[in-house]
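A single structure is presented below for examination.
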Amino acid sequence: MSRRRYKHSEKKVGASPGTLIYVGQDIDYKTKIRRIDYNEANYTVEDIRRLASCSRPDATSDRVSWLDVDGIHEPRVVERIGQQYKLHPLLLEDVMNSQQKPKVEEYDGSYLFATLKMLYFKPASEELDSEHLSFVLGKNYLISFQEERRADLFQPVLDRIQASAGKTRRNGSDYLLYALMDLVVDHYFVVLDTIGEKLEVLEDSIIRQKAGQDTLTHLYTLKRELTLMRKAVWPVREMLSRLLLEESELIRPTTIPFLRDLYDHVVQVLDSIDSYRELATGLLDVYLSTLSNRMNSVMKTLTIFSAIFMPLTFIVGVYGMNFDNMPELHTRNGYFVVLGIMAVLTVLMIIYFRRRRWF
Amino acid sequence: MSRRRYKHSEKKVGASPGTLIYVGQDIDYKTKIRRIDYNEANYTVEDIRRLASCSRPDATSDRVSWLDVDGIHEPRVVERIGQQYKLHPLLLEDVMNSQQKPKVEEYDGSYLFATLKMLYFKPASEELDSEHLSFVLGKNYLISFQEERRADLFQPVLDRIQASAGKTRRNGSDYLLYALMDLVVDHYFVVLDTIGEKLEVLEDSIIRQKAGQDTLTHLYTLKRELTLMRKAVWPVREMLSRLLLEESELIRPTTIPFLRDLYDHVVQVLDSIDSYRELATGLLDVYLSTLSNRMNSVMKTLTIFSAIFMPLTFIVGVYGMNFDNMPELHTRNGYFVVLGIMAVLTVLMIIYFRRRRWF
Amino acid sequence: MSRRRYKHSEKKVGASPGTLIYVGQDIDYKTKIRRIDYNEANYTVEDIRRLASCSRPDATSDRVSWLDVDGIHEPRVVERIGQQYKLHPLLLEDVMNSQQKPKVEEYDGSYLFATLKMLYFKPASEELDSEHLSFVLGKNYLISFQEERRADLFQPVLDRIQASAGKTRRNGSDYLLYALMDLVVDHYFVVLDTIGEKLEVLEDSIIRQKAGQDTLTHLYTLKRELTLMRKAVWPVREMLSRLLLEESELIRPTTIPFLRDLYDHVVQVLDSIDSYRELATGLLDVYLSTLSNRMNSVMKTLTIFSAIFMPLTFIVGVYGMNFDNMPELHTRNGYFVVLGIMAVLTVLMIIYFRRRRWF
Amino acid sequence: MSRRRYKHSEKKVGASPGTLIYVGQDIDYKTKIRRIDYNEANYTVEDIRRLASCSRPDATSDRVSWLDVDGIHEPRVVERIGQQYKLHPLLLEDVMNSQQKPKVEEYDGSYLFATLKMLYFKPASEELDSEHLSFVLGKNYLISFQEERRADLFQPVLDRIQASAGKTRRNGSDYLLYALMDLVVDHYFVVLDTIGEKLEVLEDSIIRQKAGQDTLTHLYTLKRELTLMRKAVWPVREMLSRLLLEESELIRPTTIPFLRDLYDHVVQVLDSIDSYRELATGLLDVYLSTLSNRMNSVMKTLTIFSAIFMPLTFIVGVYGMNFDNMPELHTRNGYFVVLGIMAVLTVLMIIYFRRRRWF
Amino acid sequence: MSRRRYKHSEKKVGASPGTLIYVGQDIDYKTKIRRIDYNEANYTVEDIRRLASCSRPDATSDRVSWLDVDGIHEPRVVERIGQQYKLHPLLLEDVMNSQQKPKVEEYDGSYLFATLKMLYFKPASEELDSEHLSFVLGKNYLISFQEERRADLFQPVLDRIQASAGKTRRNGSDYLLYALMDLVVDHYFVVLDTIGEKLEVLEDSIIRQKAGQDTLTHLYTLKRELTLMRKAVWPVREMLSRLLLEESELIRPTTIPFLRDLYDHVVQVLDSIDSYRELATGLLDVYLSTLSNRMNSVMKTLTIFSAIFMPLTFIVGVYGMNFDNMPELHTRNGYFVVLGIMAVLTVLMIIYFRRRRWF
Ligand SMILES: [Mg+2]
Ligand SMILES: [Mg+2]
Ligand SMILES: [Mg+2]
Ligand SMILES: [Mg+2]
Ligand SMILES: [Mg+2]
Ligand SMILES: [Mg+2]
Ligand SMILES: [Mg+2]
Ligand SMILES: [Mg+2]
Ligand SMILES: [Mg+2]
Ligand SMILES: [Mg+2]
Ligand SMILES: [Mg+2]
Ligand SMILES: [Mg+2]
Ligand SMILES: [Mg+2]
Ligand SMILES: [Mg+2]
Ligand SMILES: [Mg+2]
Ligand SMILES: [Mg+2]
Ligand SMILES: [Mg+2]
Ligand SMILES: [Mg+2]
Ligand SMILES: [Mg+2]
Ligand SMILES: [Mg+2]
Ligand SMILES: [Mg+2]
Ligand SMILES: [Mg+2]
Ligand SMILES: [Mg+2]
Ligand SMILES: [Mg+2]
Ligand SMILES: [Mg+2]
Ligand SMILES: [Mg+2]
Ligand SMILES: [Mg+2]
Ligand SMILES: [Mg+2]
Ligand SMILES: [Mg+2]
Ligand SMILES: [Mg+2]
Ligand SMILES: [Mg+2]
């Protein structure tokens with residue numbers, strides 16, 4: 001789980017609502033903006049350099065206009081796009097707040113705002129990280145905001161648009177929104193698989209009793225990841241069920257079955273998260289009882305040694321005393337008799353502990 | 001619990017929705033398709049070799065047409081059946097996704113899609129496994145999809161059709177759907193019985209204090225199985241309650257009491273799962289406290305030995321010292337007095353520990 | 001808790017719905033049937049020997065006809081009664097399925113089916129057991145089915161009918177149903193009292209620290225009993241709240257306050273079950289910490305002995321060495337000085353451990 | 001928590017519903033009845049000795065008539081009052097059943113029945129106890145039933161009536177009901193404060209590590225008290241929310257804000273109960289880990305002693321052997337060399353354990 | 001968490017409802033009152049010294065009148081303000097009750113009462129503390145009550161009013177209410193950050209195994225703080241969702257998106273609280289298993305020492321016996337043979353424990 005600290009709280013105390021402040025990690029590149037325009041017949045891809053050309057498409061256009069904004073850390077950029085598309089300031093604030101949890105909101109039926117989290121394991125550190133994504137859906141346009149430059153997050157959808165045959169080109173901006181969210185949910189399964197593999201490794205080491213203190217730290221990390229993932233995915237379920245129930249005019253009826261399918265997948269992710277949490281808890285119990293069992297076996301070893309050697313050491317101590325008058329010392333076989341007695345005692349002890357199944 | 005890994009996630013990232021990819025175990029046989037046509041008067045059973053003959057029956061036919069598809073791993077086959085019966089691509093995707101959780105969906109009132117899990121213990125490994133089953137219910141037809149070839153899963157229902165007397169022949173395709181789902185739920189009880197027996201064995205070994213590290217692994221496995229089972233059965237409850245509430249035109253009123261009965265059984269399964277989970281948790285507590293008790297008894301043994309022999313060994317050590325001037329050594333009965341003192345000490349110790357109920 | 005195993009699952013797989021198979025313990029007597037007919041003016045009690053005379057009373061009769069069937073293990077008998085009273089086959093299946101959980105169902109407004117569990121401690125083994133009871137309520141008749149012959153389960157109600165003064169005689173078949181269910185719920189309180197007493201005994205032994213491994217097994221058994229009881233009583237609450245809400249024509253308005261009262265009692269039973277569960281969990285915590293405390297005290301004893309005698313034994317060992325040149329050995333008071341040093345050391349150790357409050 | 005046993009269960013089995021049996025502790029005084037009549041202008045207080053004078057006030061009277069019944073253990077008295085006021089027998093049963101949980105019920109819109117629990121710590125034993133209170137609210141009368149004689153439970157309200165200025169005199173019987181229930185809820189806060197203080201004492205002793213086995217028993221008792229309190233207060237919340245929602249004609253609109261305020265307070269009590277439960281669970285965890293920590297420290301002490309003295313004792317043992325040919329024994333400084341080696345060994349051991357932070 | 005005790009319970013028992021008693025800490029300054037009047041054009045700030053001048057503004061005024069009351073401990077002051085603004089006595093009681101939990105209530109559509117908690121860490125003691133805030137919202141006025149003097153709680157909002165450009169001046173009293181509540185919620189994030197940092201420190205010390213008894217106390221304190229915070233924030237969520245749903249006339253439609261944004265933030269706070277609680281529980285598990293692991297390692301050390309030195313000490317004890325006839329003593333290499341045997345024994349032991357991975 002990511003440990004970066006968002007020290008935004010102090011900054012924001014008392015700030016006027018709608019004040020745009022980026023809340024997230026430091027980022028050192030400029031926002032990249034790209035516009036993809038398409039209909040069933042053709043498409044254009046254009047890199048945008050001047051903010052002034054980010055204008056909202058004409059309401060009568062039958063083309064879908066997708067504005068893909070890569071970077072949410074420059075208030076000036078986000079604000080300007082907001083002005084061009086006439087978006088509410090609070091919406092822009094949510095776009096820039098990387099801690100905003102997933103939700104969907106409709107503004108006067110004229111546009112719809114949706115935000116959710118991309119999840120992935122950071123290549124270097126194997127830490128689970130999340131990226132804040134936002135979408136503004138208009139009748140014939142879609143704006144997508146990505147938090148930071150992960151090479152080709154939306155590339156597969158762009159590929160499908162460029163390959164002329166796909167369903168995407170034949171459908172509207174709402175289907176494009178679905179396609180992008182579906183991409184995000186597909187990544188949830190990838191993350192889930194990684195977590196599942198980690199859990200299996202832990203299970204193996206715990207059940208084969210090769211687990212050490214390390215294992216527990218891994219189990220804890222895994223639980224943290226599941227907690228983080230649940231926090232990110234749970235609201236997506238609610239968000240989709242609202243989209244399905246509220247019958248927005250921006251969502252065409254033909255897109256509904258696709259959103260229902262997406263909802264299904266999100267529920268499946270949540271079910272797996274819950275199963276994994278239960279399994280992790282079960283593993284902890286197994287591990288703790290393994291520790292108790294080991295302790296028991298260590299203590300038995302100690303006790304067996306003590307129970308055998310303490311009496312013997314006492315006996316040889318007795319005959320090491322220097323009393324003048326100790327008749328046994330002067331008998332012929334005293335030494336051998338004592339050795340015999342000790343042998344018998346040892347055997348008896350061993351039989352006793354065997355019977356009590358101590359070893 | 002099955003440990004096969006479904007590495008479908010990577011494959012599916014970015015795939016166009018409705019793309020048919022089989023998600024499940026490798027399977028090496030060809031799909032087998034069989035059509036059973038019947039009405040009250042007679043029936044026919046036919047093995048289908050050419051996909052072209054899998055056509056949807058005429059809507060005016062008064063016979064029930066049951067297409068039993070054995071194998072969901074060949075996209076080409078599933079797709080072709082989908083075309084013949086005019087099924088939605090997302091439905092076909094769900095048929096092939098062996099991780100799809102149980103649900104029911106109606107498409108335009110013209111057909112109804114239901115999917116659930118068959119559960120069974122694998123003969124060889126005693127592992128709980130699940131098989132993905134899907135049903136498409138039309139007015140006078142039913143398509144059933146089975147994930148893999150388990151010899152005679154639906155045989156009992158076919159037997160009842162062939163034995164002319166049964167209720168099945170007198171009823172429609174919806175009753176056939178019920179009969180097949182009832183078969184699945186009947187198997188849940190068989191699995192539940194096996195788990196119940198395992199739990200009883202564990203209980204026995206834990207309460208009679210014969211449990212070792214092994215027992216805990218079994219308890220954990222059992223909890224995993226209950227988690228898997230709950231995950232598979234819980235949505236079936238919701239699925240049936242929706243069928244009962246939503247009054248689909250595809251479900252005849254006479255079939256409703258049978259579905260209500262089925263609902264009852266599913267609830268009973270879920271209740272038992274929950275009871276078993278509670279019992280398993282209780283057993284873990286008993287086991288852990290048994291470990292603590294045993295440790296206590298081991299430590300008491302050790303302490304008693306130490307408390308008796310440490311002072312004695314010290315005393316004999318004293319008289320083993322080589323000081324020139326140790327008057328006791330030269331008395332007549334010194335040795336015997338010391339032996340006596342040690343005997344008294346031992347008896348006192350034993351009395352003391354008895355009083356404190358240490359043994 | 002009863003440990004009898006209901007191996008019905010295998011038998012039932014694939015059986016046609018409505019097939020009557022008794023699911024419960026083996027029973028070796030014949031079903032006894034008794035009919036009690038009464039109105040405010042008079043009553044008759046009749047033992048029925050021929051199934052043909054179990055006929056449904058005439059709908060116009062103003063008498064209440066109570067058919068009390070003692071035994072549900074003979075499919076032939078249950079089936080025949082079902083035919084005479086025109087009952088649905090699924091209802092009869094539920095009557096014979098002793099694992100059916102409590103519920104209420106109305107069939108076409110013409111009769112109402114209710115089933116619940118009688119609970120009692122088996123006299124011999126002190127195990128909690130349940131008996132499956134079912135009721136069919138018609139306008140002027142009631143059929144009651146009991147699983148096995150417990151001498152006089154419904155006797156108190158019969159007594160009230162025979163004593164002419166009672167409310168029962170003045171009311172209809174619905175009041176009779178209430179009276180019988182009230183009897184069952186009254187027994188829940190008796191069972192609850194027994195469990196409460198057991199819990200108090202356990203609490204006593206745990207808090208006074210007299211608890212051993214046994215105690216924990218008893219605690220576990222008690223939790224099992226509470227789990228079983230909750231499973232049996234919880235659905236009764238739902239069943240009664242449905243009866244109160246759904247305003248069946250078979251339930252007269254004057255009977256409603258009595259059912260509401262019954263509902264109250266069931267809620268009270270459930271509350272007590274939950275409190276007992278919490279207390280049992282609390283006791284487990286107390287017990288486990290008692291074990292830890294005891295272990296601490298055992299280990300302290302051991303450590304005190306070791307810390308005192310190990311140094312002493314070492315010292316006497318030093319002067320037991322056989323070096324030629326050990327000047328101390330030849331001093332006059334060497335022996336007494338060493339004894340003195342050891343005494344001082346012992347006192348210091350004791351003071352040290354007293355200060356750390358080890359004893 | 002009170003441990004008195006209500007062995008009413010056996011008595012009640014099979015009793016006709018509405019049979020009045022007192023369920024509670026043995027009580028040996030006679031029921032005292034007092035009637036307070038008032039309107040804004042004046043009031044009268046009268047001790048009632050003959051049951052015949054407990055008559056329901058005339059419906060046209062504009063005075064409030066409060067009948068305060070002190071004692072619910074005499075069936076004859078309760079039954080007679082029931083007859084005079086024309087109350088339902090099941091209501092009377094609830095009045096006498098001290099285990100009846102809090103609820104509110106309206107009978108035909110003509111009177112309203114409310115029952116709840118007074119909670120207090122018994123002066124002698126410091127045990128939390130509850131007293132069963134019931135109220136019957138008519139248009140211009142209120143009957144209050146108290147379980148047993150606690151000197152002046154309702155005295156503060158009577159005082160406010162007698163002090164002519166109060167709001168109580170200006171309002172109706174519903175406001176009187178509110179005032180009495182408010183008194184009861186005020187006592188919940190007193191009980192809560194006592195429990196809070198106990199918890200703080202426990203917290204102190206646990207966090208300062210002065211806790212012993214005793215502490216845990218106190219923690220358990222406290223949890224029991226919280227369980228009992230929750231069981232008594234939880235239904236009061238539901239009861240008040242029903243009063244607020246159902247708009248009974250017996251509750252004047254001006255009384256509604258007061259009931260809403262009362263509801264607030266009950267919710268506050270429940271919140272505090274839940275917080276206390278969480279804190280108690282947290283304290284248990286702290287205590288158990290303290291035990292583990294102590295054990296660790298005890299074991300370290302033991303191990304350090306053993307690790308230092310066992311090798312030393314072995315070494316001196318070696319030179320205590322009586323072999324003829326042991327060259328070291330006859331060297332000049334053998335003894336001093338051995339002493340030196342042992343000193344070095346001891347220092348090394350101490351350094352080693354210091355490094356591992358064992359002390 | 002603050003440990004001050006509110007011993008108000010006894011005082012309030014039996015007090016007439018609406019009796020104003022301050023429930024909170026002792027405070028020794030006088031209430032300060034300030035009125036800020038503003039519209040888009042200009043504003044005035046006035047310190048109020050005479051309570052008579054705290055009059056409700058004329059209903060026709062188009063200015064917003066904000067009365068900021070600093071201190072709720074003087075019943076006389078609160079009562080007088082209540083009279084001037086014609087507020088309900090129960091509302092005033094809630095203003096003065098610092099334990100009142102957050103809620104919103106509308107009085108006859110003419111004014112709206114809202115109360116919530118300010119949370120902050122006390123500078124000196126690092127304890128989490130809460131301050132009781134209340135608001136009365138009228139059509140063109142707002143009264144704010146603060147519990148105690150924390151220098152500049154509402155200063156940022158006043159600053160925005162004074163800086164003429166802000167949104168606050170252009171909007172009504174409802175927006176002012178929002179702005180003040182937003183300020184409070186912003187502080188929740190600050191508190192959350194502090195708790196998050198503490199948790200990270202604890203995590204670090206536990207995972208790096210540097211945790212001692214102290215750590216656990218800190219973990220417990222942190223859980224207490226989360227419990228307190230949850231108790232304070234949870235009802236704010238309900239309060240805002242009621243404001244959003246109930247469409248009060250006092251809340252203008254333009255303010256709704258801002259309240260929705262606030263709701264979002266509160267949900268985000270609650271989500272983080274829950275995640276932190278889970279993490280804290282996970283850390284406790286890690287810590288407890290660390291203790292077990294350490295104990296295991298201590299015990300292994302002890303057992304290894306014992307298992308090696310007990311047999312050796314016994315052997316040298318054997319040859320320290322003083323029997324006349326012990327042939328080995330008189331052989332030439334007896335001593336060296338015994339030394340050799342002991343060396344071999346030691347090596348074997350070490351190999352054995354290595355194989356069992358004890359070190
Ligand atoms: Mg904000
Ligand atoms: Mg926002
Ligand atoms: Mg997040
Ligand atoms: Mg969030
Ligand atoms: Mg997808
Ligand atoms: Mg799907
Ligand atoms: Mg997909
Ligand atoms: Mg699965
Ligand atoms: Mg799914
Ligand atoms: Mg599944
Ligand atoms: Mg079935
Ligand atoms: Mg059934
Ligand atoms: Mg549990
Ligand atoms: Mg069946
Ligand atoms: Mg049962
Ligand atoms: Mg059942
Ligand atoms: Mg009853
Ligand atoms: Mg009652
Ligand atoms: Mg009764
Ligand atoms: Mg009670
Ligand atoms: Mg009752
Ligand atoms: Mg109660
Ligand atoms: Mg009050
Ligand atoms: Mg716990
Ligand atoms: Mg009050
Ligand atoms: Mg209040
Ligand atoms: Mg507070
Ligand atoms: Mg309150
Ligand atoms: Mg509060
Ligand atoms: Mg804010
Ligand atoms: Mg948890």
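Naming convention: chains lettered A, B, ... in sequence-line order (proteins, then strands); numbering from 1 in each chain.
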*Is it the side chain or the backbone of Tyr319(D) that comes within 4.5 Å of chain C heavy atoms, both, or neither?*
both
_Pairing of Arg277(D) and Glu278(C) as salt bridge, 4.0 angstrom limit_ = yes
*Would you call Arg260(C) and Glu105(D) a salt bridge, taking side-chain N to carboxylate O under 4.0 Å as the test?*
yes
*Given that the side chain runs from C-beta out, which part of Phe314(D) has a heavy atom under 4.5 Å from chain C: side chain, backbone, both or neither?*
neither
_chain D contact via Thr168(C) - side chain, backbone, both or neither, heavy atoms under 4.5 Å_ = neither
*Among Asn325(C), Asn296(C), Thr290(C), Val191(C), which has the most heavy-atom pairs under 4.5 Å with chain D?*
Asn296(C)
*Please check if any side-chain donor atom of Tyr335(D) sits under 3.5 Å from a side-chain acceptor atom of Asn322(C), or the reverse.*
no
*asked:* One pair to check against side-chain contact (heavy atoms from CB on, under 4.5 Å): Asp261(C) and Glu93(D). What are the steps and the verdict?
replied: CA-CA 10 Å; Asp261(C) 185 67; Glu93(D) 204 185 35; 3.7 Å; yes
*Could Glu203(C) and Arg224(D) be called an ion pair, given the rule that one side-chain N must be under 4.0 Å from one carboxylate O?*
yes
*Among Arg356(C), Met310(C), Arg357(C), which has the most heavy-atom pairs under 4.5 Å with chain D?*
Met310(C)
*Can you tell me how far the NZ atom of Lys103(D) sits from the OH atom of Tyr263(C), to the nearest 0.5 Å?*
11.0 Å
*Examine whether an atom of Thr301(D) lies under 4.5 Å from a heavy atom of chain C, and if so say whether it belongs to the side chain, the backbone or both; otherwise answer neither.*
both
*Quick one: which of Asp285(C), Ile206(C), Leu283(C) gives a side chain to side chain contact (heavy atoms under 4.5 Å, CB included) with Tyr220(D)?*
Leu283(C)
*asked:* Rounded to the nearest 0.5 Å, what separates atom NZ in Lys101(D) from atom CG in Asp264(C)?
replied: 7.5 Å
*Check whether any side-chain heavy atom of Val298(D) lies under 4.5 Å from a side-chain heavy atom of Trp358(C), and answer yes or no.*
yes
*asked:* In the structure I gave you, are the side-chain heavy atoms of Arg294(C) and Gln213(D) within less than 4.5 Å of one another anywhere?
replied: no
_Between Val318(D) and chain C, with a heavy-atom cut-off of 4.5 Å, which part of the residue counts as in contact: side chain, backbone, both or neither?_
neither
*Does a side-chain heavy-atom distance below 4.5 Å link Pro89(D) with Phe258(C)?*
no
*Go through Met326(D), Arg332(D), Arg230(D), Lys223(D) and name the one with the most non-hydrogen pairs under 4.5 angstrom from chain C.*
Arg332(D)
*Give, for atom OG of Ser289(C) and atom CG of Leu288(D), the distance between the pair rounded to the nearest 0.5 Å.*
6.0 Å
*Which pair of heavy atoms, one from Pro257(C) and one from His88(D), lies closest together, and at what distance?*
CB-NE2, 4.0 Å
*Gap separating the CZ atom of Phe323(C) from the CG atom of Leu329(D), nearest 0.5 angstrom*: 5.5 Å
_Under 4.5 Å from any heavy atom of chain D, what part of Tyr175(C) do you find: side chain, backbone, both or neither?_
side chain
*Which pair of non-hydrogen atoms, one from Ser292(C) and one from Leu291(D), has the smallest distance, and what is that distance?*
CB-CD1, 3.5 Å
*Looking at Gly320(C), Gly317(C), Pro311(C), which makes the most heavy-atom pairs under 4.5 Å with chain D?*
Pro311(C)
*In Å, rounded to the nearest 0.5 Å, how long is the span from CE of Met295(C) to CE of Met299(D)?*
9.0 Å
*Taking everything shown except Gln209(D) itself, do over 12 heavy atoms lie less than 6.0 Å from its CD?*
yes
*Any idea which of Gly282(C), Ala307(C), Ala179(C) has the most non-hydrogen atom pairs under 4.5 angstrom with chain D?*
Ala307(C)
*Quick one: what part of Ser306(D) sits under 4.5 Å from any heavy atom of chain C, side chain, backbone, both or neither?*
both
*Intermediate values then yes/no, side-chain contact (heavy atoms from CB on, under 4.5 Å), Asn293(C) and Tyr287(D)*: CA-CA 11 Å; Asn293(C) 260 318; Tyr287(D) 178 60; 2.9 Å; yes
*asked:* Given heavy-atom pairs under 4.5 angstrom as the criterion, report whether the side chain, backbone, both or neither of Leu284(D) touches chain C.
replied: side chain
*Can you name the side-chain hydrogen bond (donor to acceptor under 3.5 Å, both in side chains) partners of Asn333(D), sequence neighbours left out?*
none
*asked:* Less than 4.5 Å to any heavy atom of chain D: does that hold for the side chain of Val286(C), its backbone, both, or neither?
replied: both
*Using atom types as modelled and distance alone, determine if a side-chain donor or acceptor of Gln268(C) lies under 3.5 Å from a backbone N or O of Gln99(D).*
yes
*Please round to the nearest 0.5 Å and tell me the distance separating atom CE of Met321(C) and atom CD1 of Ile315(D).*
9.5 Å
